[in-house]
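Small disclaimer: the values here were computed from a predicted structure and weren't measured.
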Amino acid sequence: MNPIFVIALTALFVAMAVATPVELTDEQKKLIKQHVAQCAEEVKLTEEEIARVKAKDFTNPSENMKCFANCFYEKTGTLKDGVVQEEVVLKKLGAIIGEEKTRQALTKCSGIKGENKCDTANKLYQCFESFNPVEIKA
């Protein structure tokens with residue numbers, strides 16, 4: 001898996017809501033890289049889909065892209081069967097962006113539902129992304 005792709009997906013799916021850079025631990029980077037590789041393979045992302053995800057282009061996402069988001073969120077434990085796991089999000093994301101901002105994001109986003117679990121994951125991504133992503137230092 002391309003390291004730039006991993007870094008882009010790290011920023012895409014892990015971070016939001018602050019203006020200062022966040023430094024991930026080596027262990028966090030390793031886990032993210034594993035989840036990204038597993039999910040990209042499981043949903044069989046095409047090269048075009050990988051490029052779109054890398055560019056954060058989720059306008060009219062393919063079903064594969066939506067299911068990639070679901071897979072990633074499920075592997076991180078933040079989503080289970082289309083339901084946001086608030087305590088997990090508070091623990092993991094709260095440690096990165098702070099509990100207050102995490103609670104704000106959860107209040108706005110956690111009740112969102114799509115047509116299926118992949119669509120739900122995509123809609124959740126879009127909601128969380130509206131809080132402005134964090135710049136992550138790889």
Side-chain angles (χ1 to χ4, degrees):
M1 183 74 34
N2 180 334
I4 295 172
F5 176 56
V6 173
I7 293 166
L9 287 174
T10 301
L12 179 70
F13 290 106
V14 175
M16 67 185 171
V18 295
T20 56
V22 173
E23 183 74 43
L24 295 176
T25 67
D26 288 340
E27 186 173 327
Q28 288 170 319
K29 291 176 194 175
K30 182 180 175 183
L31 276 174
I32 289 168
K33 184 177 181 179
Q34 288 174 349
H35 296 329
V36 166
Q38 290 168 349
C39 291
E41 186 175 317
E42 282 178 31
V43 302
K44 303 193 182 333
L45 285 180
T46 66
E47 290 299 319
E48 180 182 332
E49 290 165 334
I50 289 170
R52 287 187 60 202
V53 167
K54 199 164 117 176
K56 294 177 134 186
D57 177 8
F58 277 81
T59 54
N60 300 312
S62 67
E63 194 65 20
N64 276 358
M65 291 169 66
K66 292 177 183 181
C67 289
F68 175 86
N70 180 70
C71 177
F72 187 85
Y73 285 148
E74 286 203 359
K75 288 198 183 296
T76 62
T78 57
L79 195 63
K80 184 176 181 181
D81 297 323
V83 177
V84 174
Q85 303 300 297
E86 292 189 17
E87 290 304 315
V88 175
V89 173
L90 279 170
K91 180 180 177 187
K92 291 183 177 190
L93 193 55
I96 296 172
I97 69 168
E99 186 176 330
E100 183 179 336
K101 286 196 180 276
T102 302
R103 286 189 187 281
Q104 290 172 356
L106 284 168
T107 297
K108 180 179 178 188
C109 303
S110 65
I112 291 175
K113 296 290 180 208
E115 295 176 14
N116 56 45
K117 65 183 183 178
C118 294
D119 191 46
T120 296
N122 182 65
K123 288 178 187 253
L124 286 168
Y125 163 74
Q126 290 175 348
C127 183
F128 283 123
E129 184 68 10
S130 72
F131 279 78
N132 298 320
V134 172
E135 175 190 339
I136 294 189
K137 297 176 95 177

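The backbone N or O of Thr76 lies less than 3.5 Å from a partner atom in the side chain of Lys92, making a donor-acceptor pair. In this structure, Lys113 contributes its side chain and Gly82 its backbone to a donor-acceptor pair below 3.5 Å.
Atom-to-atom distance recorded for Cys39:SG and Asn64:CG is 12.0 Å, nearest 0.5 angstrom. Atom CE of Met65 and atom CG of Asp57 lie 6.0 Å apart (nearest 0.5 Å). Within the model, atoms CZ of Phe72 and OG1 of Thr78 stand 8.0 Å from one another, a figure rounded to the nearest 0.5 Å. Here the CG atom belonging to Asn70 is positioned 15.5 Å from the OH atom belonging to Tyr125, to the nearest 0.5 angstrom.
Across all their heavy atoms, Ser110 and Glu86 have their closest contact at OG-OE2, 3.1 Å. Contact record, Ala121 with Ala69: CB-C, 3.8 Å, taken as the closest heavy-atom pair. When all heavy atoms of Thr120 and Ile112 are compared, the pair lying nearest together is CG2-O, 3.6 Å. Here the closest non-hydrogen pair linking Phe128 and Cys109 is N-SG, 3.6 Å. The nearest pair of heavy atoms linking Ser62 to Glu49 is OG-OE2, 2.7 Å.
Note on Leu31 and Val88: separate hydrophobic clusters, where clusters join Ile, Leu, Val, Met, Phe, Trp and Tyr whose side-chain heavy atoms are under 4.5 Å apart, directly or indirectly. A continuous path of ILVMFWY side-chain contacts below 4.5 Å connects Phe58 to Leu79, so both sit in one hydrophobic cluster.
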Item to complete: Let me see the working for His35 and Gln38 under side-chain contact (heavy atoms from CB on, under 4.5 Å), right down to the final yes or no.
Response: CA-CA 5 Å; His35 296 329; Gln38 290 168 349; 4.0 Å; yes
Item to complete: Show your reasoning for whether side-chain contact (heavy atoms from CB on, under 4.5 Å) applies to Leu90 and Gln85.
Response: CA-CA 9 Å; Leu90 279 170; Gln85 303 300 297; over 6 Å; no
Practice prompt. Quick one: do Thr59 and Arg52 satisfy side-chain contact (heavy atoms from CB on, under 4.5 Å)? Show the steps, please.
Written response: CA-CA 9 Å; Thr59 54; Arg52 287 187 60 202; 4.1 Å; yes
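Under the side-chain hydrogen bond (donor to acceptor under 3.5 Å, both in side chains) criterion, Lys75 pairs with Glu42, not counting sequence neighbours. Looking at residues two or more places apart in sequence or on another chain, you find a salt bridge (charged side-chain N to carboxylate O under 4.0 Å, His left out) between Glu99 and Arg103. Residues meeting the side-chain hydrogen bond (donor to acceptor under 3.5 Å, both in side chains) test with Gln34, sequence neighbours left out: none. Residues forming a salt bridge (charged side-chain N to carboxylate O under 4.0 Å, His left out) with Glu48 (at least two apart in sequence, or on another chain): none. Scanning for salt bridge (charged side-chain N to carboxylate O under 4.0 Å, His left out) contacts around Lys117 gives an empty result, with sequence neighbours left out. Take Thr107 and apply the side-chain hydrogen bond (donor to acceptor under 3.5 Å, both in side chains) test, not counting sequence neighbours, and it matches no residue.
Residues Val43 and Glu63 fail the side-chain proximity criterion, which asks for heavy atoms closer than 4.5 Å.
Of the candidates Asn116, Asp119, Asn122, Lys66 forms a side chain to side chain donor-acceptor pair (under 3.5 Å) with just one, namely Asp119.
Heavy-atom contacts from other residues, nucleotides or ligands closer than 6.0 Å to NZ of Lys91 number 12 or fewer.
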